[in-house]
Amino acid sequence: MLIKSRKFSDLKDVFPRKFSSLTTLCPSSSPITKSPFPPSRDDVAAIADLIEKQHWSKLKLLHVKDINNPNELFHQLISSNLDPELCLRYYTWLIANIRNTSLSLELTFNLLHSLANAKKYSKIRSFLDGFVKKRSDHPIHSIFHAISLCDNLCVNSILADMLVLAYANNLRLESALEAFKRAGYYGYKLSALSCKPLMVALLNEKRFADVEFVYKEMIRRRIQPNVFTFNVVINSFCKKGKMEKAKDVMEDMKVYGTSPNVVSYNTLIDGYCKLGGVGKMYKADAVLKEMVESKVSPNLTTFNILIDGFWKDGSYSGSMKVFREMLEQDVKPNVVTYNSLINGLCSVGKVSEATCMRDEMVSAGVEPNLITYNSLINGFCKNGMMKEALDMFASLKGRGIVPTAKTYNMLIDAYCKSGKVEDGFGLKEEMEREGIVANVETYNCLIGGLCRNGNIEGAKKLFDQLSGKGLPDLVTYHILMDGYCSREETRKAAMLLKEGISKMGLKPRHLTYNILMEGYCKEGNLKGAANVRIQMEKERRLRMNVASYNVLLQGYSQKGKMEDANRLLNEMLEKGLIPNRITYEIVKAEMVDKGFVPDIEGHLFNVSTKS
DNA sequence: CTAGGGTTAG
């Protein structure tokens with residue numbers, strides 16, 4: 001049916017005479033024209049027959065000896081009545097088995113078109129997945145051109161849709177986005193089914209603006225989003241901290257005939273919990289109320305989000321209240337619930353209560369996991385309970401849980417902070433014996449430990465061993481620079497910035513310069529500090545932040561240069577920078593003069609001229 | 001499609 005199009009005479013230069021050797025290859029298969037070219041349909045049919053019977057070796061021989069333009073043959077096959085699925089099989093075989101075969105994009109999409117006409121969608125999906133996995137492929141515009149060669153808008157839309165999906169699934173975001181855009185230019189209608197994975201992939205890369213773009217485009221192109229799509233967009237806004245926009249999307253949902261489900265509400269609640277700032281839990285609570293009013297029941301995740309949220313907000317009572325509430329509602333806590341509670345307790349130093357909570361979870365039949373142990377180990381480490389930390393570490397291993405580099409790093413850091421750097425190195429060797437690779441954090445802990453012990457030479461030696469592995473990161477530099485500065489060797493620290501950081505391709509940040517400024521200030525070299533400031537502003541175009549000002553203020557006030565300090569303070573206020581508690585501690589008198597007063601919690605208020 | 005631990009420097 002599909003044939004007609006092509007004149008067989010076209011094949012003349014494609015299949016030279018020896019094509020007739022086909023006869024000898026498959027004598028059994030029915031009449032193959034021995035006559036010279038043009039070859040009849042029967043020739044194509046014979047090949048189709050070979051494909052159908054999967055006589056690959058015969059086909060191989062044919063290809064080696066007789067067929068020098070597979071594109072043309074393939075075109076004939078597709079245009080024949082041959083089942084598109086067989087065409088596909090032949091295609092894959094051809095690519096895999098015949099050297100240097102590359103079929104044109106046009107043919108490739110010709111094949112996909114016929115697969116689409118036959119509704120073999122899953123075949124197309126997996127084909128495109130493989131197509132996209134190969135790095136060296138065609139520019140998107142050529143692909144769309146190939147798609148557009150068929151004028152069935154519906155089929156083309158399906159192909160474009162699946163292409164976007166394939167790119168998104170393979171995390172080729174640039175290509176996915178471009179395909180998404182081009183589909184718009186061509187007027188192909190995509191589906192929410194492929195837009196969602198695209199947005200999820202973008203969100204995972206924190207490309208919030210792109211998620212928003214895709215969402216807006218979906219609306220503009222009238223691609224009906226579903227609850228899942230909406231939820232991804234809500235999540236994207238939440239992760240970016242744009243809560244108002246997230247709420248707008250909740251409203252959009254209603255306009256488009258869907259209503260927010262438990263995930264939508266959970267996402268929004270979590271957004272508020274992670275927002276930071278005062279009153280965020282109040283807002284999270286408001287969403288909870290709204291959710292209940294809309295007859296959406298909170299689930300385990302809702303409670304877990306709130307428990308963790310209250311903890312991070314410093315509200316032990318709020319957290320426990322939610323915990324009790326969930327028990328009352330007969331929602332069974334899971335490992336996540338207990339981990340949040342344990343971690344919360346550990347973070348405020350209530351380590352023994354955390355241990356009790358662990359026992360409670362065990363008796364509730366919930367198995368502690370690596371996260372549980374890491375929280376507890378970290379809690380012990382940070383509270384100077386090395387023995388307990390090591391005991392916990394042993395029981396973790398005893399239960400067959402595999403520690404990670406981070407587990408080791410917490411312990412190593414604790415050793416280093418307590419001056420037992422040697423023990424830290426011992427643990428590092430242990431982790432390596434167990435096949436866990438010491439990472440940059442491991443080394444940073446050790447280097448920091450050596451510096452604190454005054455062994456800067458050892459630190460530098462270890463540092464030098466890293467550069468071969470491309471390991472030192474900005475933090476490593478900061479630690480080592482700090483080490484030099486505390487030995488009043490700020491110049492050496494400055495050398496590290498000058499000769500190391502940029503050569504490693506690292507970008508110095510405020511902290512990098514602040515460390516140097518602080519170093520010079522401590523040495524009483526205010527001029528040096530001022531020069532660092534100039535360097536920072538010039539080379540990196542970093543503007544002084546509150547921390548930078550604090551460093552300089554400290555320097556000036558220690559030297560008794562209160563006039564200069566006052567000048568600096570005015571300068572920072574003029575820039576609209578808000579002094580913090582540290583600022584207040586350094587230049588208290590000057591701050592009081594300017595009307596600043598701390599409240600009970602230490603937050604600063606300006607009681608004089610507040611505009 | 002939503003929830004938990006994580007680390008060195010601040």
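Chain letters run A, B, ... following the sequence lines, proteins first and then strands; every chain starts at 1.
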Here's one to test your reading of the geometry: is the NZ or CZ of A:Lys196 within 45 degrees of the ring axis of A:Phe228 and under 6.0 Å from its centre? yes
Compare the minimum distances between each of B:dT7, B:dG5, B:dT2 and the side chain of A:Leu370, then state the nucleotide with the smallest one. B:dG5
Results of side-chain contact (heavy atoms from CB on, under 4.5 Å) for A:Asn444 - residues two or more places apart only: A:Val440, A:Asp473, A:Val475, A:Thr476, A:Ile479
Taking DNA chain B as the partner, which of residues 236-247 of chain A come within under 4.0 angstrom of it by heavy atom? A:Lys239
Rounded to the Å, how far apart are A:Leu411 CG and B:dT7 C1'? 13 Å
Carboxylate-amine/guanidinium contact A:Arg399 A:Glu367, below 4.0 Å: yes
Integer-rounded Å distance: B:dT2 P and A:Met250 CE: 15 Å
Specify the separation, in whole Å, of atom CD1 of A:Ile305 and atom P of B:dA3. 7 Å
Report, one pair per line, the protein and nucleotides 8-10 of chain B atoms (nitrogen or oxygen only) whose separation is under 3.5 Å.
| from | atom 1 | to | atom 2 | distance (Å) |
| --- | --- | --- | --- | --- |
| B:dT8 | O2 | A:Asn444 | ND2 | 2.4 |

Considering only NZ, NE, NH1 and NH2 on the basic side and carboxylate oxygens on the acidic side, decide whether A:Glu432 and A:Lys428 come within less than 4.0 Å. yes
Which of A:Met392, A:Lys387, A:Met386 passes side chain to side chain contact (heavy atoms under 4.5 Å, CB included) with A:Phe380? It is A:Met392
Kindly write out the residues that satisfy salt bridge (Lys or Arg N to Asp or Glu O under 4.0 Å) with A:Lys397, not counting sequence neighbours, or none if the list is empty. A:Glu430, A:Glu434
Figure out the CD1/P separation between A:Ile234 and B:dT2, and round it to whole Å. 12 Å
What residues form a side-chain contact (heavy atoms from CB on, under 4.5 Å) with A:Lys289, not counting sequence neighbours? A:Asp285
Euclidean distance, atom CZ of residue A:Phe208 to atom P of B:dC1 [Å, nearest integer]: 17 Å
Mind checking side-chain contact (heavy atoms from CB on, under 4.5 Å) for A:Ile582 and listing every partner two or more places apart, or none if nothing turns up? A:Asn550, A:Asn580, A:Ile586
Name the closest nucleotide to the A:Asn231 side chain, picking from B:dT7, B:dG5, B:dC1. B:dC1
Across all chains, not counting sequence neighbours, the side-chain hydrogen bond (donor to acceptor under 3.5 Å, both in side chains) partners of A:Arg540 are none
Once salt bridge (Lys or Arg N to Asp or Glu O under 4.0 Å) is applied, do any residues pair with A:Arg207, and if so which ones, sequence neighbours excluded? A:Glu174, A:Asp210
Close approaches to DNA chain B from residues 326-353 of chain A, in residue order (heavy atom, under 4.0 Å): A:Asn334, A:Val335, A:Val336, A:Asn339, A:Ser340, A:Asn343
Write down the distance between CG (A:Leu306) and P (B:dT2), rounded to a whole number of angstrom. 17 Å
Check: A:Tyr408 ring centre within less than 6.0 Å of A:Phe393 ring centre: yes
A:Cys273 to A:Met281 - nearest heavy-atom pair and separation: SG-CE, 3.7 Å
Could you go through residues 292-301 of chain A and list every donor-acceptor pair under 3.5 Å that involves a side-chain atom there, pairing it with any protein atom two or more places apart or in another chain?
| from | atom 1 | to | atom 2 | distance (Å) |
| --- | --- | --- | --- | --- |
| A:Ser294 | OG | A:Tyr265 | OH | 3.1 |
| A:Ser294 | OG | A:Glu290 | O | 2.8 |
| A:Asn299 | OD1 | A:Asn266 | ND2 | 3.2 |
| A:Asn299 | OD1 | A:Thr301 | N | 3.2 |
| A:Asn299 | OD1 | A:Thr302 | N | 3.1 |
| A:Asn299 | OD1 | A:Thr302 | OG1 | 2.8 |

A:Asn378 near the nucleic acid: base, sugar-phosphate alone, or nothing, with a heavy-atom cut-off under 4.0 Å? sugar-phosphate
Go through the structure and list residues passing side-chain contact (heavy atoms from CB on, under 4.5 Å) with A:Glu489, not counting sequence neighbours. A:Tyr484, A:Arg487, A:Lys492
Sorted by number, the residues of residues 265-274 of chain A with heavy-atom contact under 4.0 Å to DNA chain B: A:Asn266, A:Thr267, A:Asp270, A:Lys274
Over how many whole Å does the gap from A:Tyr415 atom OH to B:dT7 atom C1' extend? 18 Å
Provide, to the nearest angstrom, the distance between the OH atom belonging to A:Tyr477 and the P atom belonging to B:dT7. 24 Å
Look at the side-chain N and O atoms of A:Lys312 and state whether any lies under 4.0 Å from the OP1 or OP2 oxygen of B:dG5. yes
Assign A:Met481 to base, sugar-phosphate, or nothing according to its heavy-atom contacts below 4.0 angstrom with the strands shown. nothing
